[in-house]
Amino acid sequence: MERIKLAIEKAKASRTDLLSPNSSSSHHPGDAGIFIEHDSPERDEDTPDDLGAVQYAQTAVVSMDPVHLERHRVVAHQKAHPASWAFDVLRTQVLQKMDESGWRTLAITSPSVESGKTVVAINLAISIAQQTNRTALLVDFDLRRPSVARSLGLNRPKSLNDFLDGHANLAEALVNPGIERFVVLPTNRPVNGASELLASAKVGKLIKDLRERYSDRIVIFDLPPVLAADDVMSVLPRVDCVLMVVGSGVSTQTEIEEAMNRLSKANLMGIVLNKDESPTQNAYY
Ligand SMILES: Nc1ncnc2c1ncn2[C@@H]1O[C@H](COP(=O)(O)OP(=O)(O)OP(=O)(O)O)[C@@H](O)[C@H]1O
Ligand SMILES: [Mg+2]
């Protein structure tokens, strides 16, 4: 907990003397500082054999615009990019902890909006997919303000919306954005009744299917802020673990503590302190 406390204190200090509303746009994803708090391993469930190869063969492949990606701070696929190290460090910490605990589904949330959840979720998923023995599936579960498709520049005719409405099967909604071993389940439109939907049997079955079908995959769920509504609380019992992204100067100490309280029953694997401006030892790289 010591590191989490440090992160909270740092966020509090940053709040008072940092960041005008627009100053974050000059930041860089490489500014992310990473704090992983290890909890004790809890469970390890066996899963059926992987059918991922069959599913993957049906998945549409689209190419992405490198300029668009960089503008949206999606950089983990560029090994020469000065920011990608941060996501690789995060990846390795996350994978070690997930492997040791038998976890394969990871939710990403934050106390407040605009903390960098989506940026972290996308880059972490890509960084995981860079490892040749891994695959990553990123699901946009921010059903009120979905933004994964926009960040990646995806414009697919079918998405999670259509799957949930019964107008598409899963294979039609999945897309491979031109990066090997990286698959996305985008959400194209905001959904009414997001919390109830996330608590529904249909979404429960979807999460279970994704976890079991892709047994060689890490499934990452990009969620809304935990304090924004009860959406996160609806999903948490259905995922293995959660990572909280705290934007430096974005959330107050009270908000961070309240968010931690709401996550108290979940396997909180750590906190990512994002948008941090202080120099790090890794700055050289
Ligand atoms: N490390 C960073 N440095 C500077 N800006 C960043 C950083 N990470 C994210 N941003 C910017 O902050 C804004 C919010 O990022 P992002 O959409 O990832 O946050 P979010 O927590 O998912 O927001 P929301 O709550 O709306 O879903 C974006 O403009 C993004 O480019
Ligand atoms: Mg987001």
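In listed order, ligands and their atoms are each counted from 1. Computed from heavy atoms alone, side chains included, the values below leave out hydrogens, waters and symmetry copies.
For ligand 1 and Val113, the ligand atoms under 4.0 Å from any heavy atom of the residue are 25 (O). Close contacts between ligand 1 and Asp142 involve ligand atoms 27 (O) [criterion: under 4.0 Å to a heavy atom].
Salt-bridge check for Arg189 with Asp162: passed, with a basic side-chain N closer than 4.0 Å to an acidic carboxylate O. One finds no salt bridge joining Lys158 and Asp165 here, because no Lys/Arg side-chain nitrogen approaches an Asp/Glu carboxylate oxygen to under 4.0 Å. Note on Arg91 versus Asp88: salt bridge recorded, some NZ/NE/NH1/NH2 to OD/OE distance being below 4.0 Å. Of the charged side-chain nitrogens involved, none lies within less than 4.0 Å of a carboxylate oxygen, so that Arg104 and Asp240 do not count as a salt-bridged pair.
For the residue pair Ser251 and Ser112, a side-chain donor N or O sits within less than 3.5 Å of a side-chain acceptor on the partner. Judged by distance alone, the side chains of Thr135 and Arg181 never bring a donor and an acceptor atom under 3.5 Å apart. With no hydrogens or angles considered, no side-chain donor-acceptor pair links Thr118 and Ser151 at under 3.5 Å.
Here the protein contributes Thr118 OG1 as N, O or S atoms under 2.8 Å from the Mg ion (ligand 2).
No heavy atom of Ser147 sits closer than 4.0 Å to any atom of ligand 1.
For a threshold of 3.5 Å applied to N or O pairs, the pair formed by Asn274 and ligand 1 contains at least one separation below that value.
For the side-chain contact (heavy atoms from CB on, under 4.5 Å) test, residues two or more places apart in sequence or in another chain that qualify with Pro225 are Ser110, Val113, Lys117, Ala228.
Compare His72, Arg144, Arg145, Lys275 by their heavy atoms: the one nearest to atom 10 (N) of ligand 1 is in Lys275. When Gly116, Ser151, Ala121 are checked for heavy-atom proximity to atom 15 (O) of ligand 1, Gly116 turns out nearest.
The CG atom of Leu138 sits 12.0 Å away from atom CZ of Arg217, with the distance rounded to the nearest 0.5 Å.
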